[in-house]
Amino acid sequence: MENIGDSVIRKEALEKVTGKAKYTHDERTKGMFYAKKVISPYAHAKMTAKDTSEARKVKGVRAVITGENLPLIGEEVRDRPPIATDKVRYHGEVVALVVADTPEVAKRAANLIHVSYQPLPTVQSPSHAIEANAPLVHENVAEYEKDEGIEPIPKSNISNHTKIRKGDIEKGWRESEVTVDESFSFSPSDHTAMETRSAKAEIKANGSVVIDTSSQAPFMVKKLMNDYFGIEVGKVIVNTPLVGGGYGGKASVQQEILAYIASKAVGGRQVEVFYSREEDMITAPCHIGLDAKVKLGATKEGTLKVAEIVYLFDGGAYSDKAIHLSRAGAVDCTGPYKIDHVKCDSYSVYTNHPYPAPYRGFSHSEVLFAFERTMDILAKKLHIDPLQLREKNAILPGHTTPTQVRLNRSTIGHVPKCIEKVKKLINWDEGELVEVNDRIVRAKGVSCLWKTSTIPTDSTSGAILTFNEDGTVNLMSGVVEIGTATKTVLAQMVADRLRIDVRDVHVRMKVDTQTTPEHWKTVASRGTFMAGRAALAAADDALTQLKKIASTILRARVDDLDVGNGRVFLREEPSVGLEFKDIAYGYTYPNGNAIGGQIIGRGNYILRHLTELDPETGKGNPGPEWSVGAQAIEVEFDRRDYTYKMLRAASVIDVGKVLNEKSARGQVTGAMSMGLAFGGRETFVFDEQARVLNPRLRTYRPIHYGEHPEYIVEFVETPHIDAPYGARGAGEQGLLGMPAALGNALSTAVGVPLRQLPLTPELIWRTKEGIGE
Amino acid sequence: MTKVAVTLNVNGEESEVLIRPADTLLDVLRENLGLTGSKPGCLNGDCGACTVIVGKKPMKSCLMLAIEAVDQNVTTIEGLTDATVQRAFVEHFAFQCGYCTPGFIMNVHSLKENHPEADGETIKSWMDSNICRCTGYEEIEAAVKSVLYGGQEHHKR
């Protein structure tokens, strides 16, 4: 019998290799309509006219929607019109929707809509945005409806400011003998899930709104449909089948709103909104950009004393998740080190770029790039080995985080152990730089990482187990299967707790917010923790019920009973017992009398003891635990043409407990690949008017087969006591240190500090030769 | 636009479909025949999620008109049953979200049919046409090699 830790094959494996797996866009109904977006070709412009007359004449067009009379929306600040009316603020913004009988007709009509634009000066970066004379993306930012604690600065592009004030900065600088002051930046990029976003919406006769969507956050859609449009939450039903990759990008809510607006315009008929690749890249929320300044102070011996940091997050045209992202960047604003004096100012700043969604790691890989590059620069100045500097300052139980949480043996993983292992795996002692010949050098770079989640303090997860008459179990959880195999891992947990074969746990893959218990969002590497706790609670609940009915039939106390192999039996005499199948649907006595009923186990979980952050100091408890790790990469760099090959990449992640070995490794290597792509090659290329020049997979080129390095992955298991089996988050961690490690390796290879991403040969050449754009 | 009736041979079955001459093979497979295993990923030939086999060669079905497939044998992911490649992808954990998987499997299946002894360079040039965003390609590489080298690579990892 396979168990916890084993490489159980994912439950939906056969569906996925036979083409039978259904994703949102695969399911159609007869008679549904199709919507096509008209998007802005400008990043910042006034719209002086929208001429829809030609489009309306096309046969088969059912509605043309130009966005008037719609509420402003957005998760923390209501600053975004679902369809832009007066002006556009980013390239790709939706300015009209056409609803028609077929996608072809919708597209043809959309092409006939003529919008007159008057281009405005654009805001090109967060640093540009905060200059005194920068154009304003939003003229009246202070007037928007917003959540408590959000403080936009009036008549500026700053939508929020998170402050971290720990210790005494002045003292920290006084105690520092060696200091560095470094700046870093990178532009927004994209998640590029292979399934582009889509949604269908339909309004029923009783006012219920049924939405099918490729989302990581179906329960958030339900909540926001209530917030934005006042629809009773019980009348919003959101269905999410398998999702073709998310990486955070599908945790934002956009396509659902458009589908609802479209359906409403045609009397509630079902309408599909499907995103082309180009729309998925620029219209839908993207991966955030960052301008960072990191100042570090240390003693001559290399003890870190102080960190003073400014993060300007590229919040794009609308806030939505940008403010939360900038807050998360402040929470873990340093690497995983003991630093007594920390000051961080993290801003979410409006620009004329596509606005950001969460991205795997939720700001952590981004700030770690800046911080861990600075650590290498400091090590160099101190003449200390960069790994040794990290080891010397590694954060440990008893130390405090930037938000002043005192860590214990459960709430933080083991940083020194991760460093020690990665050192061996990458053969660090061979030297950071090895000359192969007069042209080629091999160089190594490292980075540490850590992450906690910053999801709402009252986030919940629920699970239901229903028994079948053969004694097998159905598992219902609100976790969306986005590719992480979380639902298979949940089945492993349930099987382990019920002591049955994992094959006897049937998993419902589809989430339906009306019948599936809520899981806040499938994000933040919190699936196995929160849904796992709920699933185990549900299993315990089912066990209690099974024992209770067995107790009556066997005429024995409940606490004399045990379970195993699908039976409830007497501890003392296991041959006396009942099979699950005989009691899972109630028990029938020989004369026909029956007792009990279908066993239905229920469980839930809510995060404990988390707090909001203090607005002045940032003090507060943001998440249940910090997972940690250390990563390294070895590159082969060609000094003549500035190209490089990634040879080997190593990750040591403290996952607390490996729940499914091959799945865990796959999560880590997949995340490493994504981190190396973000670090090495992926970015939106903007022109001087902030238009994205490369919104397609031919010009924005993810890593392809054969371009990946050899992956070396090892795990450390320091249990998180609250989590099922002690497991920590594992879905994001493999990404977090890769951009920094790559930057460190290449800086060593080239001999000059590299401060931007992505690390393309052209960027390296420009930096080395001092050639501007 | 006027529709035309054509007969397509897909997965060994002949079907008469009413199509616009401008319809891509991908659209017709999905919309007219209900074969949604072939996925739209970019509709531009960049990602390979829609790969099918036409005749003996892999083809991105978003780059081909359905009308061009008349008189040709088309095989989609739904046409494979318990193929070695499918088993290898399962055994090697060669997918996560699964969206790119049908395209990869069709490409590898065709590679195996055309070059059962393919070397590393040939494999790379064939696989270059598909994108997987979830894995780091390690598991796909293992699955492909296990199929092409008769499982010799299977036990290496």
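Just so you know, these numbers come straight off a predicted model, no measurement behind them. The chains referred to below are lettered A, B, ... by the order of the sequence lines, with proteins before strands, and numbering in each begins at 1.
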Do you know which of [options] has the most heavy-atom pairs with chain B at a distance under 4.5 angstrom?
options                               : result
A:Lys22, A:Arg696, A:Lys16            : A:Lys16
A:Arg701, A:Glu27, A:Met672, A:Glu195 : A:Glu195
A:Lys20, A:His25, A:Glu707, A:Glu15   : A:His25
A:Met194, A:Glu481, A:Gln667          : A:Met194

Using a 4.5 Å cut-off on heavy atoms from C-beta on, say whether the side chain of [Y] contacts that of [X].
X        : Y        : value
A:Tyr705 : B:Asn107 : no
A:Thr484 : B:Gln96  : no
A:Tyr247 : B:Arg133 : yes
A:Arg28  : B:Thr36  : no

Checklist entry - Between A:Gly245 and B:Cys97, what is the shortest heavy-atom contact and its length? => result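 Here A:Gly245 and B:Cys97 meet closest at N-CB, 3.3 Å.
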Item to check | Among the listed options B:Gly37, B:Gly34, B:Ala94, B:Gly98, the residue most often paired with chain A at heavy-atom distances under 4.5 Å | outcome: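 Ranked by heavy-atom pairs under 4.5 Å with chain A, first place is B:Gly98.
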[atom1]-[atom2] distance between [X] and [Y], expressed to the nearest 0.5 angstrom:
X        : Y        : atom1 : atom2 : answer
A:Leu14  : B:Gln86  : CG    : CD    : 9.0 Å
A:Met674 : B:Thr135 : CE    : OG1   : 10.5 Å
B:Phe89  : A:Thr18  : CZ    : OG1   : 13.5 Å

Item to check | Heavy-atom proximity to chain B below 4.5 Å, by part of A:Lys662 | outcome: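 Backbone plus side chain of A:Lys662, per the 4.5 Å heavy-atom cut-off to chain B.
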Checklist entry - Using non-hydrogen atoms only, which part of A:Ile9 is less than 4.5 Å away from chain B: side chain, backbone, both, or neither? => result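 A:Ile9 touches chain B through backbone and side-chain heavy atoms alike.
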Next on the checklist: Between A:Arg277 and B:Cys47 (side chain of the first, backbone of the second, donor and acceptor by atom type, cut-off under 3.5 Å), is there such a pair?
Outcome noted: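 No.
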Item to check | Sidechain-backbone polar pair: A:Tyr711 side chain, B:Gly136 backbone, donor-acceptor under 3.5 Å | outcome: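 Yes; at least one donor-acceptor contact below 3.5 Å.
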Which bit of [X] comes within less than 4.5 Å of chain A, counting heavy atoms only: side chain, backbone, both or neither?
X       : value
B:Phe95 : both
B:Lys39 : side chain
B:Glu78 : both

